[in-house]
Amino acid sequence: MTPPTPITPVPAPDTAKTRAPEVYTLAPGYHVSFLAGAADPPAPFDLIEVVATHRGGPPPQRHAGTTWFHVLEGHLQIFEARADRLQRSIRLSLGQTHAVPAGVAHAADNAGEGAVRFLIGGQPGTIASYLVQFDEMRPVPRAYGRIA
């Protein structure tokens with residue numbers, strides 16, 4: 001019989017590195033948190049969490065790489081350019097993911113009655129650099145905590 005392998009304790013996490021990401025208001029009712037990407041140069045991709053409490057958000061955009069949308073709560077409508085017009089592409093619900101190919105103009109909108117929470121992933125620096133260009137973007141005061 002082989003003796004059990006000793007368990008090595010995992011060191012306590014560095015709280016400076018594990019604190020909740022800053023939440024920014026991009027537009028009224030549209031909140032973003034940069035989980036990985038432009039502010040984290042070694043990240044192999046952008047990863048952004050978005051909470052949209054009502055319809056609206058950034059205008060249509062296109063990126064050099066594929067953009068992924070993954071819904072954590074609520075419903076999200078994806079619009080993609082077809083024949084030079086932005087058209088409804090797919091409506092996503094909890095747990096669903098959709099990829100928009102590189103170079104395709106697209107937009108996303110809250111498609112439900114309540115808030116939608118979703119992740120956006122893509123090529124490093126492309127999505128994050130697009131979002132930070134908005135003049136309205138400002139931090140949400142810490143007193144409010146995470147947007148629910």
Side-chain angles (χ1 to χ4, degrees), residues 9-148:
V10 176
D14 179 353
T15 55
K17 293 180 182 176
T18 59
R19 67 184 179 91
E22 194 73 44
V23 178
Y24 294 88
T25 298
L26 182 62
Y30 200 88
H31 307 282
V32 298
S33 298
F34 299 96
L35 305 179
D40 188 17
F45 50 84
D46 279 348
L47 184 60
I48 299 161
E49 179 180 13
V50 179
V51 176
T53 57
H54 55 274
R55 296 185 189 277
Q61 60 216 256
R62 67 179 82 229
H63 307 289
T66 300
T67 303
W68 290 270
F69 293 88
H70 179 77
V71 176
L72 301 170
E73 296 175 31
H75 302 278
L76 183 68
Q77 180 69 55
I78 304 294
F79 298 85
E80 292 181 23
R82 293 193 179 117
D84 296 329
R85 281 188 57 201
L86 209 58
Q87 298 177 15
R88 286 184 181 163
S89 172
I90 188 168
R91 181 183 163 132
L92 302 175
S93 296
L94 173 67
Q96 293 183 314
T97 300
H98 178 70
V100 176
V104 173
H106 60 277
D109 198 3
N110 183 344
E113 296 299 318
V116 61
R117 187 167 66 101
F118 60 100
L119 298 174
I120 303 172
Q123 183 176 329
T126 58
I127 302 164
S129 63
Y130 169 78
L131 293 176
V132 298
Q133 72 183 336
F134 287 91
D135 292 336
E136 306 88 18
M137 192 159 166
R138 59 196 179 284
V140 173
R142 275 277 176 214
Y144 294 118
R146 302 264 317 149
I147 307 299

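Position 1 is the first residue of the sequence; numbering continues from there.
- Residues Pro101 and Glu80 come closest through the heavy atom pair CD-OE1, 4.4 Å.
- Val32 has its side chain out of reach of Ile120: every pair of non-hydrogen atoms, C-beta onward, lies at least 4.5 Å apart.
- For the pair Ala64 and Ala102, the tightest heavy-atom approach, listed with the atom from each and the gap, is O-CB, 3.1 Å.
- For the residue pair Gly74 and Val116, the shortest heavy atom distance occurs at C-CG2, 4.1 Å.
- Atoms CG and NE2, from Leu92 and His70 in turn, are 9.5 Å apart once rounded to the nearest 0.5 Å.
- Shown here for Leu76 and Ala108, the closest heavy-atom pair between the two residues is CD1-CB, 3.9 Å.
- In this structure, CG on Leu94 lies 8.0 Å from CG on Leu72, to the nearest 0.5 angstrom.
- Using cut-offs of 30° and 60° for the angle between ring planes, the Phe118 and Phe69 rings count as tilted.
- By the side-chain contact (heavy atoms from CB on, under 4.5 Å) test, Ala99 is found to be paired with Thr66, Trp68, residues two or more places apart in sequence or in another chain being considered.
- Nearest heavy atoms, Arg91 versus Ala111: NH1-O, 3.3 Å.
- Every pair tested for ring pair (Phe, Tyr, Trp, His ring centres under 6.0 Å) that includes a residue from residues 75-102 fails, sequence neighbours excluded, so the list is empty.
- Of the possible donor and acceptor atoms, one in the side chain of Gln77 sits under 3.5 Å from a partner among the backbone N and O of Ile90.
- Residue Pro60 comes nearest to Ala107 through the heavy atom pair CA-CB, 4.1 Å, listed as atom of the first residue, atom of the second, then distance.
- Under the side chain to side chain donor-acceptor pair (under 3.5 Å) criterion, no residue pair touches residues 100-114, with sequence neighbours excluded.
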